[in-house]
Undergrad: 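Okay, here's the structure, questions in a sec.
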Amino acid sequence: MEKKTSDDVYNPATAPEHWIRAQDSLKTRLVLGDDFAWLLHDDDKPELDATVLRYVGGVDVSYAKEHPTAACGALVVLDLTTLEVVYEDFSFVHLNVPYVPGFLAFREAPVVLELLEKMKISGHPCYPQLLMVDGNGVLHPRGFGLASHLGVLADLPSIGIGKNLHCIEGLSEAGVRQLFTAKAELGEEYIALHGQSGCILGAAMVSAQGSTKPIYISTGHRISLASAIRIVKLTCKFRVPEAIRQADIRSRAFLQRHLKLCLDH
DNA sequence: GCGACAG
DNA sequence: ATCTTGTCGC
């Protein structure tokens with residue numbers, strides 16, 4: 001039988017302080033600069049034997065309104081040369097942990113880590129060299145959002161993508177809009193997000209032609225913001241980078257299929 | 001005190 | 001996050 005661990009039980013009275021300690025502990029392992037062996041395809045590459053980034057992972061978790069505890073985690077892998085999906089896997093689970101702003105990882109990370117571990121031990125040749133995450137990295141109240149959490153625990157370079165701004169350190173959508181109108185004439189396609197302390201937390205970028213709403217990019221783990229921005233540009237067919245977009249679309253479809261099958265039985 | 005708050 | 005058809009525009 002399944003054994004309940006402390007992770008399975010959500011105690012609203014103790015969870016916040018427990019979670020903060022866990023985030024602070026994991027954060028000691030966070031690497032903010034480029035720390036990977038591969039190159040980007042458009043890099044100058046004098047080393048002919050160097051590996052080029054090819055397999056980009058995307059993860060997401062979907063939910064169904066009528067079943068509040070039901071969730072579907074998805075892991076997809078894209079071939080960067082074609083932006084086609086070369087691997088997909090899903091996991092239907094029941095979540096006991098609620099969404100609490102600032103603590104998304106405690107709800108969504110376990111199912112994603114399970115999918116990554118399953119692929120890794122299978123020895124699949126397309127195991128991702130980089131992970132793109134639906135949620136922020138260091139653009140987070142304690143500098144350790146879902147993308148950083150997953151990057152550290154999976155020991156993978158990771159990029160955080162927010163579709164909405166998590167307003168911390170005085171950041172606001174209105175402020176971002178103003179910066180964009182000011183920088184638009186300079187041909188800048190993204191703007192740096194400066195915290196009150198002056199450090200750069202991430203970037204806002206208008207990633208698609210017809211879109212005015214930016215996405216919010218931040219370092220997850222083992223990658224610089226500059227490299228993260230380059231990779232996001234390489235993977236955006238639409239506003240949301242393709243790896244995350246495919247994980248989102250396919251996890252939603254899988255969840256609906258799964259729920260429909262449950263009704264028949 | 002009040003509102004805001006990644007997914 | 002979740003639900004959802006048509007419809008406006010290039």
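Quick note: numbers below take in every heavy atom, side chains included, and nothing from hydrogens, waters or symmetry partners. Every chain is numbered from 1, with letters handed out A, B, ... down the list of sequences.
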Undergrad: May I ask you to say whether A:Lys233 pairs ionically with A:Glu189, meaning some side-chain N is under 4.0 Å from a carboxylate O?
TA: yes

Undergrad: Between A:Tyr216 and B:dA6, is there a side-chain N or O to OP1/OP2 distance below 4.0 Å?
TA: no

Undergrad: How many whole angstroms separate atom CZ of A:Phe144 from atom P of B:dA6?
TA: 19 Å

Undergrad: Starting at atom CG of A:Leu171, determine the distance to atom P of B:dA6, rounded to an integer number of angstrom.
TA: 13 Å

Undergrad: Taking 5.5 Å and 30° as the limits, would you call A:Tyr99 and the base of B:dG7 a stacked pair?
TA: yes

Undergrad: Please determine which of A:Asp155, A:Leu130, A:Leu156 meets the side chain to side chain contact (heavy atoms under 4.5 Å, CB included) test together with A:Arg222.
TA: A:Asp155

Undergrad: Using a cut-off of 4.0 Å on non-hydrogen atoms, how would the nucleic acid contact of A:Gly145 be classed: base, sugar-phosphate, or nothing?
TA: base

Undergrad: Just how far, in rounded Å, is P of B:dC5 from CD of A:Glu169?
TA: 17 Å

Undergrad: Of the nucleotides B:dC5, B:dG7, B:dA6, which has the atom closest to the A:Asn136 side chain?
TA: B:dA6

Undergrad: Nearest 0.5 angstrom please: A:Ser62 OG to A:Asp134 CG, how far?
TA: 8.5 Å

Undergrad: Rounding to a whole Å, what distance do you find between A:Ile168:CD1 and B:dA4:P?
TA: 18 Å

Undergrad: Rounded to the nearest 0.5 Å, what's the gap from CG on A:Asp89 to CG on A:Leu75? Could you check?
TA: 6.5 Å

Undergrad: Could you tell me the separation between the CG atom of A:Leu146 and the C1' atom of B:dA6, rounded to a whole number of Å?
TA: 9 Å

Undergrad: Rounded to whole angstrom units, what separation is found between the CD atom of A:Glu66 and the C1' atom of C:dC3?
TA: 9 Å

Undergrad: In plain terms, say whether A:Arg54 and A:Asp79 are close enough for a salt bridge, that is, a side-chain N and a carboxylate O under 4.0 Å apart.
TA: yes

Undergrad: Rounded to whole angstrom units, what separation is found between the CG atom of A:Leu104 and the C1' atom of B:dA6?
TA: 6 Å

Undergrad: Nearest whole angstrom, please: distance from the P of B:dG7 to the CG of A:Leu139.
TA: 10 Å

Undergrad: The side chain of A:Tyr63 is closest to which nucleotide in this list: C:dC3, C:dA1, B:dA6?
TA: C:dA1

Undergrad: Please list residues of residues 246-256 of chain A whose heavy atoms come under 4.0 Å from any atom in DNA chain C, ordered by number; otherwise none.
TA: A:Arg252, A:Gln256

Undergrad: Where the side chain of A:Lys163 is defined as all heavy atoms beyond and including C-beta, which of C:dT2, B:dG7, B:dA6 is the nearest nucleotide?
TA: B:dG7

Undergrad: Need one value for A:Gly102: base, sugar-phosphate or nothing, where a base atom within 4.0 Å counts as base even if backbone is also close, heavy atoms only.
TA: base

Undergrad: Using a strict cut-off of less than 4.0 Å between a Lys/Arg side-chain nitrogen and an Asp/Glu carboxylate oxygen, indicate whether A:Glu117 and A:Lys120 qualify as a salt bridge.
TA: no

Undergrad: Should the pair A:Arg21-A:Glu17 be classified as a salt bridge under the 4.0 Å nitrogen-to-oxygen rule?
TA: yes

Undergrad: So does A:Asn164 get a side-chain nitrogen or oxygen closer than 4.0 Å to the phosphate oxygens (OP1/OP2) of B:dG7?
TA: yes

